[in-house]
Amino acid sequence: MNGNLIEIRGLYKYFGKLQVLKGVSCGIKKGERIVVLGASGSGKSTMLRCMNLLERPTFGEVWLDDNLLTPVDPYLHEEIIRSSRTYKKKLAAAQGKDDGLIAKIKQEDLLHEKNEGPEYARKMKAYYRQYYLDENLARAKVGMVFQHFNLFNNLTVLQNMTLAPVELKKKTKEEATEKAMDLLSMIGLTDKAQAYPSTLSGGQKQRIAIVRSLCMDPEVMLFDEPTSALDPEMVGEVLDLMKRLAGDGMTMVVVTHEIGFAREVADRVLFMADGMIAESGTPAEIFGAPKTERLKTFLSKVL
Amino acid sequence: MTFAEKIEKLWDLRGLFAESLGYSLLIAFGAVVLGFIIGVILAVIRIAPKTNPVIRFFDKIAVLYITVIRGTPTLVQLLILYNSVLVWFKRMPTNLLVPIIAFGINSGAYMAEIIRSGISAVDIGQMEAGRSLGLSWIITMRRVIIPQAVKTVVPTIFNEIIILVKETSVVSYIVLKVNSVQKYDLLGMAEKQGLATPACYLVFLFFAALLYLAVVMLLTFLQHLIERRLKKNER
């Protein structure tokens with residue numbers, strides 16, 4: 001899988017009739033820091049949430065470390081389409097000429113899971129068996145930070161951090177506590193270990209939410225507008241922590257409106273519009289020489 | 001009969017009234033426990049993501065159960081169960097299980113709705129955070145969602161318990177037996193003694209009412225105690 005830590009392929013997401021993602025593909029390499037920009041409603045949060053399956057894509061596949069997290073999407077695999085009854089019938093009808101047939105099947109969503117024949121079913125199953133990874137195992141490797149922090153309100157800061165590693169038997173209680181206290185001292189909040197989230201400021205909550213994810217030793221961190229719900233004076237402390245993570249070589253995907261952060265930290269910036277990645281490139285390319293009209297308009301509004 | 005004589009009569013019967021209050025409370029307690037267990041199970045089924053047909057099937061059952069139980073009077077349910085499904089329990093020398101099961105089944109439907117609303121009231125972000133850390137739905141439910149739901153649900157659960165305690169008075173419609181000896185719940189005892197001494201009937205009824213009131217006030221006190229306890233956990 002060409003060395004991508006996370007790869008999304010041909011992602012479509014519908015909420016009822018609303019099409020939020022319209023065929024998004026992208027790969028994220030280990031150690032890469034990606035910032036996703038875009039107007040609200042452009043699908044950037046949905047794309048991020050698809051990466052750890054908080055949102056299930058309608059079509060498309062999500063890969064983590066060469067493991068498939070979603071069901072197999074037959075439209076992404078020509079050899080599977082070729083084994084389908086629909087394809088064979090159409091091929092016979094066209095006297096064995098394949099020009100554009102596969103594209104047509106993809107385009108018009110012609111496959112019907114249930115009656116594509118045993119060969120197709122076998123291929124689908126074999127592919128799934130070979131690559132599938134249980135979603136809970138996958139999520140344990142992918143940290144996520146939310147706009148509204150989502151600290152567990154019924155648990156203390158320390159319990160928030162140790163719950164998952166202990167429950168999932170990644171660490172013993174002692175190891176988890178030690179790691180949590182180390183992380184708390186890194187962000188200067190050791191005195192809050194026994195506090196409940198309701199007593200903390202927004203900035204403190206978000207920094208703890210970040211280190212809570214780190215307690216699971218994730219391979220990649222996803223940030224869903226981590227500073228959007230913060231008072232302005234608290235944005236800095238959260239961004240500083242994120243920069244520090246970036247400096248330590250953490251793979252990060254950050255959905256944000258913080259242009260300054262994107263410029264400073266990102267290896268690559270994705271600009272999303274209308275459920276698609278409209279433009280991608282280094283910060284210099286994106287901010288210095290935007291190609292599309294949409295990006296130019298967007299930048300003129302936010303800069 | 002003067003009032004003083006009536007009170008004296010009541011005083012003579014205090015042991016019987018105490019015993020009958022005991023049976024009322026025993027039935028209510030058993031029903032609350034059973035109702036709570038049924039309620040939690042139904043609520044979790046109702047709230048579970050409907051991803052597979054087994055869960056969808058149980059969800060339909062749960063909806064049917066809740067609809068039927070909430071849609072028919074408790075007394076009717078008690079009498080039907082007493083004479084049909086629970087007939088085996090009815091014939092045992094001690095048949096207290098009949099009202100316990102009947103009221104438990106009844107209360108379960110209400111508890112299910114109360115608990116479900118409590119779970120839905122917990123911010124969806126809490127579940128997402130749990131899942132994003134790799135915790136399963138069940139573990140997140142148990143460690144994060146339900147503990148928070150309990151807090152919002154305590155007042156309404158106590159409301160249901162209070163209603164249940166008072167509603168046990170309809171067991172006087174059926175024959176209670178302990179070791180083959182007929183026994184009475186609180187209202188049943190007041191009725192029985194009232195028939196024996198009609199002049200005292202009203203006094204007995206007022207006394208029964210007073211005892212119910214005392215129990216409910218005790219429960220209310222307990223509720224406030226628990227609420228305060230749970231609040232302290234937050235700070």
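Order of the sequence lines sets the chain letters (A, B, ...), proteins ahead of strands, with each chain counted from 1. Bear in mind that the values here come from a model prediction, so they are computed numbers and not experimental data.
- For A/Arg212, the parts lying near chain B are the backbone and the side chain together; criterion is any non-hydrogen pair under 4.5 Å.
- Shown here is A/Arg129, whose CZ atom has no more than 12 heavy atoms of other residues, nucleotides or ligands within 6.0 Å.
- Residue A/Phe152 holds its CZ atom at 11.5 Å from CG of B/Asp123, rounded to the nearest 0.5 Å.
- Shown here is B/Tyr65, whose OH atom has more than 12 heavy atoms of other residues, nucleotides or ligands within 6.0 Å.
- With rounding to the nearest 0.5 angstrom, the CD atom of B/Glu128 is 9.0 Å from the CG atom of A/Asp224.
- Applying the 6.0 Å contact sphere to CZ of B/Phe36 captures no more than 12 heavy atoms from other residues, nucleotides or ligands.
- Counting heavy-atom pairs under 4.5 Å between each of A/Lys141, A/Arg139, A/His148 and chain B puts A/Arg139 at the top.
- In this structure, chain B has a heavy atom under 4.5 Å from the backbone of A/Leu151, while its side chain stays farther away.
- Annotation: B/Met92, atom CE; neighbour count of heavy atoms from other residues, nucleotides and ligands within 6.0 Å is above 12.
- For the set B/Pro147, B/Gly130, B/Gly134, the count of heavy-atom pairs under 4.5 angstrom toward chain A peaks at B/Gly134.
- Heavy atoms of B/Leu133 lying under 4.5 Å from chain A belong to its backbone as well as its side chain.
- Annotation for B/Phe221: atom CZ does not count as buried by contact number, only 12 or fewer foreign heavy atoms lying within 6.0 Å.
- Here the side chains of B/Arg131 and A/Glu135 are in contact, with some heavy-atom distance below 4.5 Å.
- Atoms CG and OG, on A/Leu53 and B/Ser132 in that order, are 12.0 Å from each other to the nearest 0.5 Å.
- Heavy atoms of other residues, nucleotides or ligands lying less than 6.0 angstrom from NZ of B/Lys50 number more than 12.
- Within residues 156-176 of chain A, the residues that have a heavy atom under 4.5 Å from a heavy atom of chain B are A/Leu163, A/Ala164, A/Glu167, A/Leu168, listed by number.
- Shown here is B/Phe58, whose CZ atom has no more than 12 heavy atoms of other residues, nucleotides or ligands within 6.0 Å.
- Here the side chain of A/Asn154 pairs a donor or acceptor atom with the backbone of B/Arg143 at under 3.5 angstrom.
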